[in-house]
Amino acid sequence: METSQPTKVTVQAVIHAPVEKVWRYWTEPDHITKWNQASEDWHAPRAENDLRVGGKFLTRMEAKDGSMGFDFGGVYDVVNRHEAIGYTMEDGRRVDIAFVDQGNETKVIETFDAESSNPVEFQQAGWQAIMDNFKAYTEQN
C-alpha cells in the first residue's frame, strides 16, 4: 500500500481585473471554452459546470487536428464565491484555487496534486500555460 503524499504543484498569475470578473470568467462555460488550453494547437470545444459543493464539471479538451482529446472533470468540494474553489479530479487528485482580491487586480493561485505518469516540470508548465491563457483572455475581454 502506497502511503506517500502526492507532490503538490502551484501555478499562479495576477489578473488585471476585479475578482467578480475573474470569478465569472473562471467558472462560466462560455468563457472556459475560450481559455482552457495549454497551447494554440488545442482547444476546449465544450464545458459544463455545476458550481456548487457536490456539483460536477467537465471540460472537453481536444487537439485542433482531431488527433487526440480527453475529458477533464471532477467534483467540487469547496465553493466560496470570489474566494476559493476546491475539487477532486476523477482520478482522485485534489486541486485548490484561491482568488485573492487586490482591488482592480486578482491573484489566482492554483495548487494541484501531480500525477505520476509525466515529469512534475511538464505538468507545471502545462497548467501554467493554461493559467497564462486565462490571464490573457480575461484581460483582453
Side-chain angles (χ1 to χ4, degrees), residues 2-141:
E2 187 174 313
T3 58
S4 63
Q5 294 295 323
T7 300
K8 299 238 179 244
V9 181
T10 299
V11 298
Q12 60 185 328
V14 175
I15 317 301
H16 300 287
V19 70
E20 296 82 6
K21 178 181 180 181
V22 170
W23 181 269
R24 192 170 68 250
Y25 279 39
W26 189 274
T27 61
E28 291 180 0
D30 287 347
H31 292 297
I32 294 168
T33 59
K34 306 287 193 303
W35 60 261
N36 201 354
Q37 63 273 339
S39 64
E40 288 296 317
D41 52 342
W42 279 73
H43 67 146
R46 181 171 43 85
E48 301 168 13
N49 196 18
D50 183 8
L51 187 63
R52 61 182 175 82
V53 172
K56 295 181 180 181
F57 71 91
L58 182 127
T59 302
R60 179 67 186 170
M61 303 175 99
E62 295 179 352
K64 288 182 180 176
D65 67 5
S67 62
M68 63 178 64
F70 62 93
D71 290 335
F72 179 81
V75 177
Y76 290 109
D77 307 305
V78 175
V79 177
N80 294 329
R81 191 167 191 254
H82 299 164
E83 294 178 4
I85 293 173
Y87 61 85
T88 302
M89 291 184 265
E90 292 174 342
D91 64 6
R93 293 182 296 136
R94 291 265 321 136
V95 179
D96 292 293
I97 308 149
F99 298 83
V100 182
D101 185 349
Q102 300 176 330
N104 287 329
E105 295 181 338
T106 306
K107 187 174 193 176
V108 180
I109 306 162
E110 185 173 29
T111 302
F112 65 94
D113 293 342
E115 44 92 357
S116 57
S117 301
N118 294 291
V120 170
E121 298 79 16
F122 178 77
Q123 296 174 66
Q124 183 169 24
W127 285 58
Q128 185 65 55
I130 293 170
M131 178 73 76
D132 294 345
N133 282 342
F134 173 74
K135 173 182 170 64
Y137 173 75
T138 304
E139 290 177 354
Q140 294 167 10
N141 291 282

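Please read all numbers here as calculations on a predicted model, not as lab measurements.
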Side chain proximity check, I97 to V108, heavy atoms < 4.5 angstrom: yes

Trace of the side-chain contact (heavy atoms from CB on, under 4.5 Å) decision for N36 with N133: CA-CA 7 Å; N36 201 354; N133 282 342; over 6 Å; no

Spacing of H16 atom NE2 and K135 atom NZ [to the nearest 0.5 Å]: 3.5 Å

Flag if over 12 foreign heavy atoms under 6.0 Å of CZ, R81: no

W127/V9 under side-chain contact (heavy atoms from CB on, under 4.5 Å): CA gap, chis, key distance, verdict: CA-CA 9 Å; W127 285 58; V9 181; over 6 Å; no

Passing candidate, ring pair (Phe, Tyr, Trp, His ring centres under 6.0 Å) with W35, options Y25, W42, F134: F134

CZ on F122 to CD on E115, rounded to 0.5 Å: 8.5 Å

N49 and T27 side chains, donor-acceptor separation under 3.5 Å: no

Parallel, tilted or perpendicular: rings of F57 and Y76 (30°, 60°): tilted

Backbone N/O of Q12 and side chain of Q128: donor-acceptor pair under 3.5 Å: yes

Atom pair CD1 (I109) and OG1 (T10), whose distance is rounded to the nearest 0.5 Å: 8.0 Å

K107 and E105 ion-paired at < 4.0 Å: no

